[in-house]
There are 2 protein chains.
Amino acid sequence: MQASPVRKLVPFAQQAQKNGKTVYHLNIGQPDIKTPSEFMDAIRAFDEETIAYSVSNGDPKLIKAISEYYKRFDMHYAEDEILITNGGSEALIFAAIATCNAGDEILVPEPFYTNYNGFTIAVDVKIKPITTKAEDGFHLPSKEEILACITPKTKAIMISNPGNPTGVVYSRQELEILAEVAIEKDLFIISDEVYREFTYDGLTCTSFGNIDGVEDRVMIVDSVSKRYSACGARIGSICTKNKELITNLIKLCQSRLCVPTLEQVGATALYGVSQDYLDEVNVEYQKHRDITYNALSKIDGVICEKPTGAFYVIAKLPIDNAEKFALWMLTDFADKDETVMVSPAADFYATKGLGVDEIRIAYILEEKSLVRALELLDLGIKAYNKAHK
Amino acid sequence: MQASPVRKLVPFAQQAQKNGKTVYHLNIGQPDIKTPSEFMDAIRAFDEETIAYSVSNGDPKLIKAISEYYKRFDMHYAEDEILITNGGSEALIFAAIATCNAGDEILVPEPFYTNYNGFTIAVDVKIKPITTKAEDGFHLPSKEEILACITPKTKAIMISNPGNPTGVVYSRQELEILAEVAIEKDLFIISDEVYREFTYDGLTCTSFGNIDGVEDRVMIVDSVSKRYSACGARIGSICTKNKELITNLIKLCQSRLCVPTLEQVGATALYGVSQDYLDEVNVEYQKHRDITYNALSKIDGVICEKPTGAFYVIAKLPIDNAEKFALWMLTDFADKDETVMVSPAADFYATKGLGVDEIRIAYILEEKSLVRALELLDLGIKAYNKAHK
């Protein structure tokens, strides 16, 4: 099992900080945005004397709040069709266990969220990539190309929509093609929609919960982490209308007893936060997206498409090796005692050799830091190439 | 994968409650004791504006607090030898994944904590039971009998000490025999010591952290759930001096990003709670143990040994089938609209046919409720046998 790539540079970043450098983090999806005060208010008001186990399936109040939330999207999950998990991470691993046996395969468009590797290797399930390309804006290839990736071992399709690390927002038509494939090949669909509200330029994200004909194949994975800037709450969920899947997922929930009681109290309050908050955050991220895309476009030799969702962008750099570069930026580079940390993108591909000169940027820093971080990236590329001539 | 046995009667208990019955819970280890106020005080004082990801390995403050705590027992784990987990549950599953491949076996004295099944089935590892018996006070059999349970697939020994569900406290000599076996057969030792402080009659629990010669084989699993009556915090930990294990465990930690931030803040405060609190709780539980044992001894036909640790006891009942009985108590029995819920013990055995007429009682209710619950058990046994003549 590989170390989380986004995190394996961390010791070098820590060392750089010990050496007195300021490190701007473009590498991790940890927003600077404030968590709505409703979260801590609800937790501070918790007045039971014993911090007792919660229900394995999840706190009924939180489940009800999630059921209500989905109605905004014309998605109708009953309370017994929703389970609470330890973040989206646990929802994804539970979905993999519930749909696959050891040796089975899950189809995933690459580049993909690297932790998908962690989930699947832990339970001995293989990721079979559907390669997508920057020049196509990381949209899906044709139905024929997708079908060609399927083997008798393929049990499910897993997608992140909007996409981490690509920022792609899949069209309804793309989802319908995946749905056709799922029906034809009898596959489950694990739809990771934690960035659902983060779409720009007037786009909206179609959920697999709104695609007809695959209701009994779809699991919707969600989380409060990004939507409400509450990554440390570790509250996720999984919804499905497939009763057999729910039964199996409940057993997995029972095996770890329950999700923390207080975090569920806080998350329940988050689901009640007004749409205005989400709209404001959206405006903010779109601005960040623009700053990032414009800055990247101005760096000599950098190639990237304008992303339309989530808060990530993949950029091809004019360097030999992005992992070497990311490390060098922490160990050797500084401008006024400052540097920047990025994620090498090769780790987001299952196909060896892809993404070697690409990085993923999370544009989550507040504006001034973001501008400076992108300037440091520009300076770093120039200095790196000079040092490695 | 089986449903958690302690929890599968839950819907029937809920139905009984809906029908107006009061159900006394002797079935679950959820103490009524108050969580020390330090927990909520620390959380209420948390004043960061963003609930951010914590470090995958765990909050350094909590790790430091745990390192300090272990010094009370002359156990010396450095901060890089301790990892924080989502409860003891996750620590156990991580320990199983880190030591075993699919198809491997873990040796466990039975009866054992049923969730051990859940952990191991989820990762396709088999539990090989070392049968222990009520008449031996659930102490371990001879070294020869233990050796006979080992196959080439055996990778680890997992024990709960003090024992759930038996209340046994293993002697230093027993641990030393297991250590010899581990060395001879090259096994890891996963020592679940979450009930460490709960020992009675002047006994103390020897930790595997105090046994010489197996430092690089031992993983100590711990949790704040029982010690500080904070089951819903879901904070556990795993300690080991084996660097390779730590490296592999860290990868598992990274795959789920982190444990909730606030719960770790609360748990850090719990590890600072004075020994007086633990001493008081101990006195309380010893009293509960006595009430329970004395009441059970007075019920006609009930056989049980006096447990010396944790807060559980296994009792053999004068009935045909404990699962049938436990269900019947929820569906058919009432005395003044009250009934009692117990755990059938067959689920705690891996060997088919064992424990069919046994139940596990968790003696965690406050005194008055405990006395009434045991009275209801007595009345229930009589009524059940009358109804099933």
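A note on names: the letters A, B, ... follow the listed sequences, proteins ahead of strands, and every chain is numbered from 1.
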Under the side chain to side chain contact (heavy atoms under 4.5 Å, CB included) test, residues paired with A/R227 that sit two or more places apart:
A/Y69, A/R196, A/E197, A/D222, A/Y271, A/L278
Hey, could you give me the OG/CD distance between A/S89 and B/Q254, rounded to the nearest 0.5 Å?
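Taking OG in A/S89 and CD in B/Q254, the distance rounds to 12.0 Å.
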To the nearest 0.5 Å, tell me how far B/S225 OG sits from A/I51 CD1.
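One gets 11.5 Å once the value is rounded to the nearest 0.5 Å.
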Check this for me: [X], atom [atom1], are more than 12 non-hydrogen atoms of other residues, nucleotides or ligands nearer than 6.0 Å?
X	atom1	value
B/E49	CD	no
B/Y277	OH	yes
B/K243	NZ	yes

For A/N101, is it the side chain, the backbone, both or neither that has a heavy atom under 4.5 Å from a heavy atom of chain B?
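Neither the backbone nor the side chain of A/N101 comes within 4.5 Å of chain B.
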Heavy-atom cut-off 4.5 Å, strictly under: side chain, backbone, both or neither for B/I250 against chain A?
neither
Which bit of B/P31 comes within less than 4.5 Å of chain A, counting heavy atoms only: side chain, backbone, both or neither?
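Interface part for B/P31: backbone (N, CA, C, O).
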Does B/E263 form a side chain to side chain contact (heavy atoms under 4.5 Å, CB included) with A/L262? I'd like the steps, not just the answer.
CA-CA 8 Å; B/E263 306 293 339; A/L262 285 179; 3.4 Å; yes
If you look at every heavy atom in A/T50 and B/I33, which pair is closest and at what distance?
OG1-O, 3.0 Å
Where is the tightest heavy-atom contact between A/N115 and B/L257, given as atom of each residue plus distance?
ND2-CD2, 3.3 Å
Atom pairs and distances, donor-acceptor, side-chain atoms in residues 39-47 of chain A, under 3.5 Å, two or more places apart:
residue	atom	partner	partner atom	Å
A/R44	NE	B/R44	O	2.7
A/R44	NH2	B/F46	O	2.7

Among B/A230, B/G266, B/G87, B/S37, which has the most heavy-atom pairs under 4.5 Å with chain A?
B/A230
Can any side-chain N or O of A/R256 pair as donor or acceptor with the backbone N or O of B/E90 at less than 3.5 Å?
no
